[in-house]
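This report refers to the structure that appears directly beneath it.
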Amino acid sequence: VELEQVSMFLCVACADEDSIPGQVIWNRSQIIDIDSVTKTVNLFHVDLGTWEESIPLRRVRYLAEHFHQAMVFSVTCRLADIAP
């Protein structure tokens, strides 16, 4: 993916750097910020419920259309009134 082709909130696939050697794990992700100087993006991994910062564009690919229709596998939540 090239810098000119990405935009905020675009859904993409991101290669996991911690993949097993010889196997690449791809995560469905949404772009939440773009840094045009460093050519990196900040992503929210929709199925993991986590985010990752400063991802080089070389790890990002367009998401196949049929994955846009799949349900999200994480639930975002917060805990309130937690005391030590």
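Remark: the backbone N or O of C14 is not paired with any side-chain donor or acceptor of R61 at under 3.5 angstrom. In this structure, the side chain of R28 engages the main chain of A70 through a donor-acceptor pair within 3.5 Å. R59 contributes a side-chain N or O that, together with a main-chain N or O of A15, makes up a donor-acceptor pair within less than 3.5 Å. N27 contributes no side-chain N or O that, together with a main-chain N or O of S29, makes up a donor-acceptor pair within less than 3.5 Å. Between the side chain of Q30 and the backbone N or O of F9, at least one donor-acceptor pair lies under 3.5 Å.
The distance from atom CZ of F67 to atom CG of D47, rounded to the nearest 0.5 Å, is 10.0 Å. The CD atom of E2 lies 7.5 Å from the NZ atom of K39; values are rounded to the nearest 0.5 Å. The OG1 atom of T50 sits 7.0 Å away from atom CZ of F44, with the distance rounded to the nearest 0.5 Å. To the nearest 0.5 Å, the span separating CD1 on I34 from OG on S7 amounts to 6.0 Å. Annotation: the span from Q5 atom CD to L57 atom CG amounts to 9.5 Å, rounded to 0.5 Å.
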Check against side-chain contact (heavy atoms from CB on, under 4.5 Å), S54 and D35 = CA-CA 8 Å; S54 300; D35 187 330; over 6 Å; no
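Linking Ile, Leu, Val, Met, Phe, Trp and Tyr residues whenever their side-chain heavy atoms come within less than 4.5 Å leaves L48 and W26 in two separate clusters. Under the 4.5 Å side-chain heavy-atom criterion for Ile, Leu, Val, Met, Phe, Trp and Tyr, V6 and V12 are members of the same hydrophobic cluster. The hydrophobic clustering, which links ILVMFWY residues whose side-chain heavy atoms are closer than 4.5 Å, places L10 and V41 together.
Taking the side chain as every heavy atom from C-beta outward, N42 and I55 never approach each other to under 4.5 Å. Between I32 and L43 there is no side-chain heavy-atom pair separated by less than 4.5 Å.
Within a 6.0 Å sphere centred on OH of Y62, other residues, nucleotides and ligands contribute more than 12 heavy atoms. The number of heavy-atom neighbours closer than 6.0 Å to CG of L79, taken from other residues, nucleotides and ligands shown, is 12 or below.
Of all heavy-atom pairs between A13 and L63, the closest is CB-CD1, 4.1 Å.
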